[in-house]
Amino acid sequence: MKTGITGGIGSGKSYVCKRLEARGFKVYDCDAAAKRLIRTSSEIQQQLTQLIGSPLNKAAMAKFLLQSEENAKAIDAIVHPAVFRDFEESGMQWMESAILYESGISQLVDTVIVVTAPQEIRIQRVMQRDGITREKVLEWMQRQWPQEEIRRRADFEVVNDGIADIDEQIDEILMKLNNKN
């Protein structure tokens, strides 16, 4: 059974994945895979350079991506299929993706866990982690599906509000997943 872990920016997906890895589960990181594939695949690099119309670098891609929804979709149409293939070839059973539903990669998993946190906590986490402004964080958040919609679609939820016990929630989900098998 394949399980996807998702949640909005700053929700704590990576932390939950680290807790799973501490239990022996290998988790495929879609974001890291996309960056690796962009860096290492000459085919992807060529397609993105043609699309963007300038030498490929993080700043040029970010600027192009944020200019319009069509630009974001054009980049996704190049990168997402490569990530999908890479996940399938990895043989891993667990995957982390901030845009699990938006990208369509949710079709590759049987179960979805969403990591949630109050919006203000998420904003503060991202500002601190990335050293960016509140406005920039909100801009990125607006490009993702609302947390409530993701929560509605997911099979399980891990609340990462700084109060609820993450390990306890993970143990409960793992027990339920084991009972499903």
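In this text the structure is predicted, and so the values were computed from the model without any measurement.
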By side-chain contact (heavy atoms from CB on, under 4.5 Å), which residues pair with [X], not counting sequence neighbours?
{"X": "A164", "result": "V159, D161, Q169"}
{"X": "Y15", "result": "R19, I166"}
{"X": "E70", "result": "S68"}
{"X": "S14", "result": "E96"}

Taking the side chain as every heavy atom from C-beta outward, state whether [X] and [Y] have any pair of such atoms under 4.5 Å apart.
{"X": "I9", "Y": "R129", "value": "yes"}
{"X": "Q147", "Y": "R122", "value": "yes"}
{"X": "W145", "Y": "R153", "value": "yes"}
{"X": "W94", "Y": "K26", "value": "no"}
{"X": "N160", "Y": "T116", "value": "no"}
{"X": "L177", "Y": "T111", "value": "yes"}
{"X": "Q119", "Y": "M141", "value": "yes"}
{"X": "M127", "Y": "T133", "value": "no"}

task = Return the set of residues passing ring pair (Phe, Tyr, Trp, His ring centres under 6.0 Å) with F64 (not counting sequence neighbours), or none when no residue passes.
result = none
task = Could you tell me whether R36 and D86 make a salt bridge, using a distance below 4.0 angstrom between a side-chain N and a carboxylate O?
result = yes
key: From CA spacing to verdict: side-chain contact (heavy atoms from CB on, under 4.5 Å), D29, C17   = CA-CA 9 Å; D29 181 336; C17 290; over 6 Å; no
ask   = Is the count of non-hydrogen atoms from other residues, nucleotides or ligands lying under 6.0 Å from E120 atom CD greater than 12?
value = yes
request  = Would you indicate whether Q107, at its atom CD, is surrounded by more than 12 heavy atoms from other residues, nucleotides or ligands within a distance under 6.0 Å?
outcome  = yes
Can you measure from [atom1] ([X]) to [atom2] ([Y]) and round to the nearest 0.5 angstrom?
{"X": "D165", "Y": "E172", "atom1": "CG", "atom2": "CD", "result": "11.0 Å"}
{"X": "L51", "Y": "N71", "atom1": "CG", "atom2": "CG", "result": "7.0 Å"}
{"X": "I150", "Y": "Y101", "atom1": "CD1", "atom2": "OH", "result": "8.0 Å"}

Non-hydrogen atoms of [X] and [Y] that approach each other most closely:
{"X": "R23", "Y": "L174", "answer": "CD-CD1, 3.6 Å"}
{"X": "C30", "Y": "I105", "answer": "SG-CD1, 3.8 Å"}
{"X": "Y28", "Y": "A33", "answer": "OH-CB, 3.0 Å"}

request  = Kindly indicate, with the supporting measurements, whether the criterion side-chain contact (heavy atoms from CB on, under 4.5 Å) is fulfilled by M95 and L100.
outcome  = CA-CA 9 Å; M95 156 206 313; L100 188 85; 3.6 Å; yes
Exercise answer: donor-acceptor pairs, residues 1-8 side-chain atoms, under 3.5 Å, sequence neighbours excluded:
unit_1	atom_1	unit_2	atom_2	d
K2	NZ	E88	OE2	3.2
T6	OG1	S97	O	2.6
T6	OG1	A98	O	3.4

query = Judged by atom type as modelled, is there a donor-acceptor pair below 3.5 Å linking the side chain of Q45 to the main-chain atoms of L56?
reply = no
Verdict with supporting geometry, Q124 and V137, side-chain contact (heavy atoms from CB on, under 4.5 Å) = CA-CA 9 Å; Q124 293 303 316; V137 176; over 6 Å; no
